[in-house]
Amino acid sequence: MRLRVAGVIVVLYTQPVSRIVRLSIDDVIRDGETVLLRLGEPASPVPDPVAALLLEHIANRDNMNTATNSASPWLFPGRRAGQPACPDHLSALLNEVGVPTAAARGAAIRQQLLELPAPVVADALGYHDKTTSRLRNEIGGTWSRYAPGDHAKSPTGWVPRGASNS
C-alpha cells in the first residue's frame, strides 16, 4: 500500500521522493467527497481511485505500532520516532517494484508542461516557475506566451481604443 501511494504521487504529481516523505496527513484534505493533496497553492485534487488508495493508506500506515510513533503526523512515517521515512530507502523500494522515480517524475512533469502553462504547473505542484519554464523550453511547449496573473484588470496606464485621455 505504501509503495502504491508513493509511486502514484511520484508519477501523478511529479514529486521527488525527498518531498513526498515530508508530507503529513494534514496535507491530505477532505472537502466533502473531494480529496485534495497540498503540494502547492491551491491544493491539487486527487482523482477518485487514487483518493480511496490514499485514504486507505492513512488509515493503515506502516511503522505506527510503537509507543513513540503511535501519533506520527507523517504520511510515510519512518522507523525512528517522530521522523518520516528515509527518502533513499523509499526510492530504492520504488525502483525495486518498477517505478524508476527520477525517470518517471521527469516524464510526468514534461507531459504536464505540454498540456498546461508552466506557471500553472509550478503553482499546483510546488515547483519554482523558472524550473518549469526551463523544462517547457527544453521540450518545446506551446505555452510560451502565457502570462500569469489577473487578466480581468487592465494594465496601469492602459486606455481602451477610442477613449479620450481627458
Side-chain angles (χ1 to χ4, degrees), residues 1-31 34-64 69 72-80 82-149:
M1 176 74 69
R2 172 180 58 149
L3 293 179
R4 281 190 251 157
V5 171
V8 166
I9 295 172
V10 166
V11 174
L12 188 60
Y13 297 104
T14 70
Q15 297 299 302
V17 176
S18 60
R19 185 156 183 228
I20 290 171
V21 298
R22 303 300 298 179
L23 291 171
S24 74
I25 56 175
D26 292 335
D27 291 319
V28 178
I29 304 161
R30 288 195 71 159
D31 185 16
T34 304
V35 176
L36 304 166
L37 184 59
R38 186 181 306 123
L39 301 167
E41 290 301 326
S44 298
V46 179
D48 287 335
V50 177
L53 187 67
L54 184 59
L55 295 174
E56 176 71 19
H57 168 69
I58 290 171
N60 299 300
R61 291 176 290 159
D62 293 340
N63 300 325
M64 299 294 292
N69 224 19
S72 175
W74 301 112
L75 187 58
F76 299 100
R79 291 186 178 143
R80 293 176 48 204
Q83 297 296 312
C86 175
D88 292 339
H89 179 67
L90 185 57
S91 184
L93 291 174
L94 285 167
N95 282 309
E96 283 179 22
V97 297
V99 180
T101 55
R105 194 170 61 89
I109 194 166
R110 284 172 173 78
Q111 182 61 42
Q112 289 184 7
L113 289 167
L114 288 173
E115 298 173 10
L116 297 166
V120 172
V121 173
D123 287 346
L125 301 178
Y127 279 79
H128 194 279
D129 61 335
K130 287 184 180 181
T131 301
T132 55
S133 294
R134 179 184 51 79
L135 289 170
R136 187 232 27 246
N137 290 338
E138 287 176 8
I139 61 172
T142 58
W143 293 96
S144 62
R145 299 199 191 292
Y146 176 79

Step-by-step side chain to side chain contact (heavy atoms under 4.5 Å, CB included) determination, Arg30 to Leu55: CA-CA 10 Å; Arg30 288 195 71 159; Leu55 295 174; 3.5 Å; yes
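Judged as a side-chain contact (heavy atoms from CB on, under 4.5 Å), and not counting sequence neighbours, the contacts of Ala43 are Ile29, Leu36, Arg38. When the side-chain contact (heavy atoms from CB on, under 4.5 Å) test is applied to Arg4, the partners found at least two apart in sequence or on another chain are Leu53. Not counting sequence neighbours, the partners of Ser18 by the side-chain contact (heavy atoms from CB on, under 4.5 Å) test are Pro16, Pro87.
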Output side-chain donor-acceptor pairs under 3.5 Å for residues 44-51, partner residues at least two apart or in another chain, one line each.
residue: Ser44; atom: OG; partner: Ala124; partner atom: O; Å: 3.1

Distance-only donor-acceptor hits, side chain of residues 89-99, under 3.5 Å, sequence neighbours excluded:
residue: Ser91; atom: OG; partner: Thr101; partner atom: OG1; Å: 3.2
residue: Asn95; atom: OD1; partner: Thr101; partner atom: N; Å: 3.4
residue: Asn95; atom: ND2; partner: Ser91; partner atom: O; Å: 3.0

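Listed by first and then second residue, the salt bridge (Lys or Arg N to Asp or Glu O under 4.0 Å) pairs that reach into residues 14-23 come to none, sequence neighbours excluded.
Remark: Ile25 CD1 to Phe76 CZ distance equals 12.5 Å, nearest 0.5 Å. To the nearest 0.5 Å, atoms CG (Leu114) and CD1 (Ile109) are separated by 11.0 Å. Between atom CG of residue Leu39 and atom CD1 of residue Ile20 there is a gap of 8.5 Å, rounded to the nearest 0.5 Å.
Of the options Val21, Asp26, Ile58, Asp27, a side chain to side chain contact (heavy atoms under 4.5 Å, CB included) to Leu75 is made by Ile58 and by none of the others.
Nearest approach of Arg110 to Ile139, heavy atoms of both residues: O-CD1, 3.3 Å. When all heavy atoms of Tyr127 and Arg105 are compared, the closest pair comes out as OH-NH1, 3.0 Å. Val5 and His57 make their closest contact through CG2-CB, 3.5 Å (heavy atoms, listed as atom of the first residue, atom of the second, distance). Taking both residues in full, the closest heavy atoms of Ala104 and Val10 are given as CB-CG1, 4.4 Å, listed atom of the first, atom of the second, then distance. Scanning all heavy atoms of the two residues, the minimum distance from Arg61 to Trp74 falls at NH1-O, 2.5 Å.
For Arg134, the CZ atom sits in a packed shell: over 12 heavy atoms of surrounding residues, nucleotides or ligands are nearer than 6.0 Å.
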